[in-house]
Visitor: 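Here it is, the structure in full.
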Amino acid sequence: MAAALNPPQRAAIRYLDGPLLVLAGAGSGKTRVITEKIAYLIDCCALDPCHIAAITFTNKAAREMQERVGKLLAGKRLNGLTISTFHALGARILREEATALGYKPSFSILDASDCFAIVAELTGSTDKGAIRRCQSQISNWKNALISPDQARQQAQTDGDLLAANAYASYAATLRAYQAVDFDDLIVLPVTLFDQQPARREKWQNRLRYLLIDEYQDTNTCQYALLQGLAGPRAAFTAVGDDDQAIYGWRGADIDNLRRLPDDYPQLKVITLEQNYRSTGRILQVANALIANNEKLFEKQLWSALGHGEPITVTASKTSELEAAAVVMKLQAHRFEHRGEFRDYAILYRGNFQARPFEQALRDQRIPYLLSGGQSFFDKAEIKDLLAYLRLLANPDDDPAYLRAISTPKRGVGASSLQILGAYAGRRHCSLFAAASEQGFASQLPPRLLEAIEKFSGLVRRLQASAARQPASAVLTELLAAIDYEDWLHQREERRAAQAKWANLQDFCAWLGKKGDDEGKSLLELTQGIALSSTLDKNEADIDAVRLSTLHAAKGLEFKHVFLVGLEEGILPHRESQADGRLEEERRLMYVGITRAQRSLHLSYAERRQQGREWLPCQPSRFIAELGSENLRFSGGKQAAVPDKASASQRLAMLKAMLAEKR
DNA sequence: GCACTTTATGTTTTT
DNA sequence: CATAAAGTGC
C-alpha cells in the first residue's frame with residue numbers, strides 16, 4: 001500500500017503552478033494521486049482543509065476518498081474539507097444562496113419519478129416512451145445551459161416546439177413547488193455565478209483548490225460550474241481517462257476534455273501509464289479492445305505484475321445456465337485459490353441481468369452484495385415517509401403533498417384532489433396553501449373537506465414538532481400518527497409487511513444516527529437523501545460476492561472478475577448501434593475488463609428469455625476484438641462433453657465443499 | 001366518490 | 001415480480 005510514488009504521480013501531486021490535467025489510465029493510481037494531493041496541500045502547503053474541494057461523481061467514490069484521506073492524515077483535523085459529488089456540492093451552494101435565486105432554503109429535490117409525473121401531466125400524454133423522451137430532452141437542454149426561451153427559438157419541428165413549451169411550463173411548475181430537479185442543482189449555481197459576480201467570488205474564495213475525479217464524465221453544465229468556482233486563478237487538478245467515458249447518455253461530453261487545453265492555455269498535462277492493478281494479459285486484451293476506438297489522447301498501459309492466468313470465455317445454452325455455470329466456476333476458482341468471496345465480482349450491463357445470478361448464488365448458499373438495482377430510497381415505503389418529510393420542510397411541494405395525503409388512505413381520493421388542484425391552480429398557490437383558504441371550503445361537501453382539514457392539522461402539528469425536536473423523535477411521532485405499521489399489515493402479506501417495516505426501521509435508525517453524529521437538520525437530511533441511492537453503511541467488511549452493473553463498478557477493483565451476458569444486443573446494447581454510442585459501449589467493456597486484478601472470466605448465453613419469448617443471441621463483437629491469443633474458450637457446441645479440466649475442477653469443488661461442511 | 005382487487009405489462013446505464 | 005392501469009364493491 002505504501003509503495004513509492006512513481007515520477008509522474010509525484011509530479012502530479014506537487015504541481016501547483018496552475019491548472020493541471022492528469023490523464024490517468026485505468027488502475028494507474030488516480031485516486032491515490034487525488035488523496036495524496038489533498039494531504040500534500042494540507043501538510044506541506046498549510047492550506048486550511050476548508051479551502052479544498054474534491055469532487056466525485058458517485059457517493060461511493062466520495063465516501064471511499066473520504067476514508068482514504070482520513071487514513072492518510074490520521075489524527076489531523078480535516079474540518080471543513082469538502083469531498084462530495086457535483087450534485088451534493090450544488091445542493092450545498094443552493095441551500096446557502098437560495099434566496100438570491102428566488103428559492104427558500106427549504107426547497108425540495110424531486111426524484112426522477114416526480115419529474116416524470118410532472119412531464120406526463122403537462123404534456124397530457126399517456127405514452128411512456130414519449131414522456132421519457134421529453135423528459136430527457138428537457139434534461140439535455142438544461143445540461144447544455146439552454147433556457148426554455150432559447151429552446152423555443154431553436155425549435156425546428158412541431159415536436160421540438162411542443163417539447164420546448166413543455167420545458168417552459170415544467171420549469172415554471174418546479175419553481176411554484178419550490179422544488180428543483182437533479183439538473184437544477186448544477187444549473188442554478190451556474191446561473192447564479194453568471195449573474196452575480198459577488199456570489200461567485202465568495203465561493204471562489206471559499207474553495208481555493210479544486211480536485212475533480214472522473215473529469216471525462218462532466219457535462220457542459222458541470223464544466224461551467226467548475227470554471228465558475230475555479231475562476232481566473234484556475235487552481236485545480238482534473239483527473240480523467242477518455243477511455244473510461246461512459247456517461248454520454250447522461251449528457252457527459254468528452255469534448256470537455258478536448259477543450260480543456262484550449263480554455264486553459266497554461267494547462268499542464270501529466271499522463272499516468274503504469275498500471276498497478278492488473279496482470280499483463282488483462283491489460284493486453286484491454287488495450288486490444290480499446291484500440292478499436294478513435295483515440296483522443298494516446299497512451300499505452302503497461303504492468304509489472306507478470307503475465308497471469310489466461311482469460312476464459314464460457315458459452316452457455318441459456319441465461320439461467322450461464323448463471324449456474326459462472327457461479328460453479330466461481331466456487332471452483334475460490335476453492336482452488338483459497339480466496340474469499342469478497343475477492344469476486346460479477347459485472348453486467350443492465351440491472352435485469354442480476355436476477356439469474358442472485359438465484360444461482362442463493363441456490364449455492366453463497367453470500368452476495370447487490371449494488372445498483374432498485375435504490376433503497378426508491379422503495380415505496382421509504383418514499384412514503386420521505387414524502388411527509390419533504391412536506392414538513394416545504395409545504396409547497398405538491399408531489400409530496402399528493403403522496404402523503406393518500407398514504408395511508410384517509411378518505412381523500414382522486415376527485416377531491418382534482419378539485420383542490422383546480423382551485424390551487426386558479427389561486428396560483430400550492431395544494432397545502434389552497435386547502436386552508438376560505439374560498440376552497442365552499443367547493444366540497446363537508447365530509448370530504450373535513451378529511452382534508454384533518455390532514456392539514458396533522459402536517460402543522462408535525463411541523464411544530466420538527467422545529468423543536470431532533471430528527472429521530474419526529475420520525476417516531478410521524479409513524480405513530482399515521483399508523484403506518486398497521487396500514488402495512490392490512491394491505492400486505494405478513495412477510496412483505498414485516499420486510500417493509502424493517503426497511504423503515506433501518507431508515508429511521510440511519511436518519512437518526514446521521515442527525516445526531518453529523519448534527520444535520522431534518523431538512524439537510526431530507527435533501528441529502530434525494531441525492532443518495534443507498535444507505536451508505538460499511539459493506540467493506542462483509543465477505544460476499546459483489547454483483548454490480550458496469551457503470552456502478554467504475555472506480556472499483558476486484559481480484560477476480562466475471563464479465564457476463566456478453567452478447568450482441570446486451571453489450572453493445574441494442575439501442576446504441578449508432579457509431580458514437582458504440583464506442584461508449586466498447587469503453588464500458590473496457591471499464592469492466594480493467595476492474596480485474598488477477599483473473600478475468602467472460603461469459604455469454606446462446607439463448608435468452610426476453611419477455612415471454614426465447615431469442616437466440618450472438619456472442620458480443622467485443623469478444624472477437626480482444627484477440628484470441630490470451631483467451632481460452634469452453635462450453636458451446638464444440639465442448640458439450642465436459643473436458644478433463646472442468647471435470648477435475650468439479651471434483652476439487654466437491655471435495656472442498658464436503659470439507660467445509662465438516 | 002373512495003378504496004380495494006384483478007390483470008396487463010415490461011427492462012440501459014445514475015445523481 | 002413488481003408496478004401501474006382498469007374494473008368492482010361499498
Visitor: How many Å lie between CD on A:Q216 and C1' on B:dT14, as a whole number?
Guide: 15 Å
Visitor: Pairs under 3.5 angstrom, nitrogen or oxygen only, protein versus nucleotides 3-8 of chain B, please.
Guide:
unit_1: B:dA3; atom_1: OP1; unit_2: A:G411; atom_2: N; d: 2.5

Visitor: Which pairs, with at least one residue in residues 105-122 of chain A and sequence neighbours excluded, count as a salt bridge (Lys or Arg N to Asp or Glu O under 4.0 Å)?
Guide: A:D111-A:K383, A:D114-A:R390
Visitor: Checking contacts here: which listed nucleotide (B:dT13, B:dG1, B:dT15) is nearest the side-chain heavy atoms of A:H551?
Guide: B:dT13
Visitor: Should A:T58 be listed as having a side-chain N or O under 4.0 Å from OP1 or OP2 of B:dT14?
Guide: no
Visitor: Map A:R132 and A:A88 onto DNA chain B by nearest heavy atom, then report which one ends up closer to the 5' terminus.
Guide: A:R132
Visitor: Is there a side-chain polar atom (N or O) of A:S416 under 4.0 Å from OP1 or OP2 of B:dC2?
Guide: yes
Visitor: Anything under 3.5 Å between a protein N or O and an N or O of nucleotides 4-10 of chain C, put it in a table, one pair a line.
Guide:
none

Visitor: Rounded to the Å, how far apart are A:W249 CH2 and B:dT15 P?
Guide: 9 Å
Visitor: Looking only at the side chain of A:T85 (C-beta and beyond, no hydrogens), which of the listed nucleotides B:dT15, B:dC2, B:dT13 gets closest?
Guide: B:dT15
Visitor: For A:A179, check side chain to side chain contact (heavy atoms under 4.5 Å, CB included) against everything at least two apart and list the hits.
Guide: A:S108, A:L110, A:Y177
Visitor: Can you measure A:D183 atom CG to B:dT14 atom C1' for me and round it to whole angstrom units?
Guide: 11 Å
Visitor: Give the rounded distance in Å between these two atoms: CG of A:N219 and P of B:dT14.
Guide: 17 Å
Visitor: Taking A:H601 as the fixed residue, which of A:F562, A:Y344, A:F558 is the one that meets the ring-ring contact (aromatic ring centres under 6.0 Å, His included) rule?
Guide: A:F562
Visitor: Counting only side-chain nitrogens and oxygens, does A:N351 get under 4.0 Å of the OP1 or OP2 atom of B:dT14?
Guide: yes
Visitor: Can you tell me how far P of B:dT15 sits from CG of A:L94, to the nearest Å?
Guide: 19 Å
Visitor: State whether the aromatic ring of A:F352 stacks on the base of B:dT11, taking stacking to mean ring centres under 5.5 Å apart and ring planes under 30° to each other.
Guide: no
Visitor: Angle between ring planes, A:F507 versus A:F377, binned at 30° and 60°: parallel, tilted or perpendicular?
Guide: perpendicular
Visitor: Filter on salt bridge (Lys or Arg N to Asp or Glu O under 4.0 Å), then keep only pairs touching residues 406-424 of chain A, sequence neighbours left out; what's left?
Guide: none
Visitor: State which residues pass side chain to side chain contact (heavy atoms under 4.5 Å, CB included) with A:E453; sequence neighbours excluded, sorted by chain then number.
Guide: A:L449
Visitor: List for me each residue that meets side chain to side chain contact (heavy atoms under 4.5 Å, CB included) alongside A:A53, sequence neighbours excluded, and say none if there are none.
Guide: A:T82, A:L207, A:L210
Visitor: Hey, could you give me each pair passing ring-ring contact (aromatic ring centres under 6.0 Å, His included) that has a residue in residues 109-136 of chain A? Not counting sequence neighbours.
Guide: none
Visitor: Whole-Å distance between C:dA2 P and A:K379 NZ?
Guide: 9 Å
Visitor: Atom CG of A:D378 to atom P of C:dT3: distance rounded to whole Å?
Guide: 10 Å
Visitor: Taking side chain to side chain donor-acceptor pair (under 3.5 Å) as the test, write out the residues that go with A:N140, two or more places apart.
Guide: none
Visitor: Could you check whether A:F86 gets within reach of a base, just the sugar-phosphate, or nothing at all, counting any heavy atom under 4.0 Å?
Guide: nothing
Visitor: Give the rounded distance in Å between these two atoms: CZ of A:F57 and P of B:dT14.
Guide: 14 Å
Visitor: Which nucleotide in the list B:dT11, B:dG1, B:dT15 gets nearest to the side chain of A:R250?
Guide: B:dT15
Visitor: Check whether A:Y590 forms a cation-pi arrangement with A:R587 (NZ or CZ under 6.0 Å from the six-membered ring centre, at most 45° off the ring normal).
Guide: no
Visitor: Between C:dC1, B:dC2, B:dT11, which nucleotide gets closest to the side-chain atoms of A:S415?
Guide: B:dC2
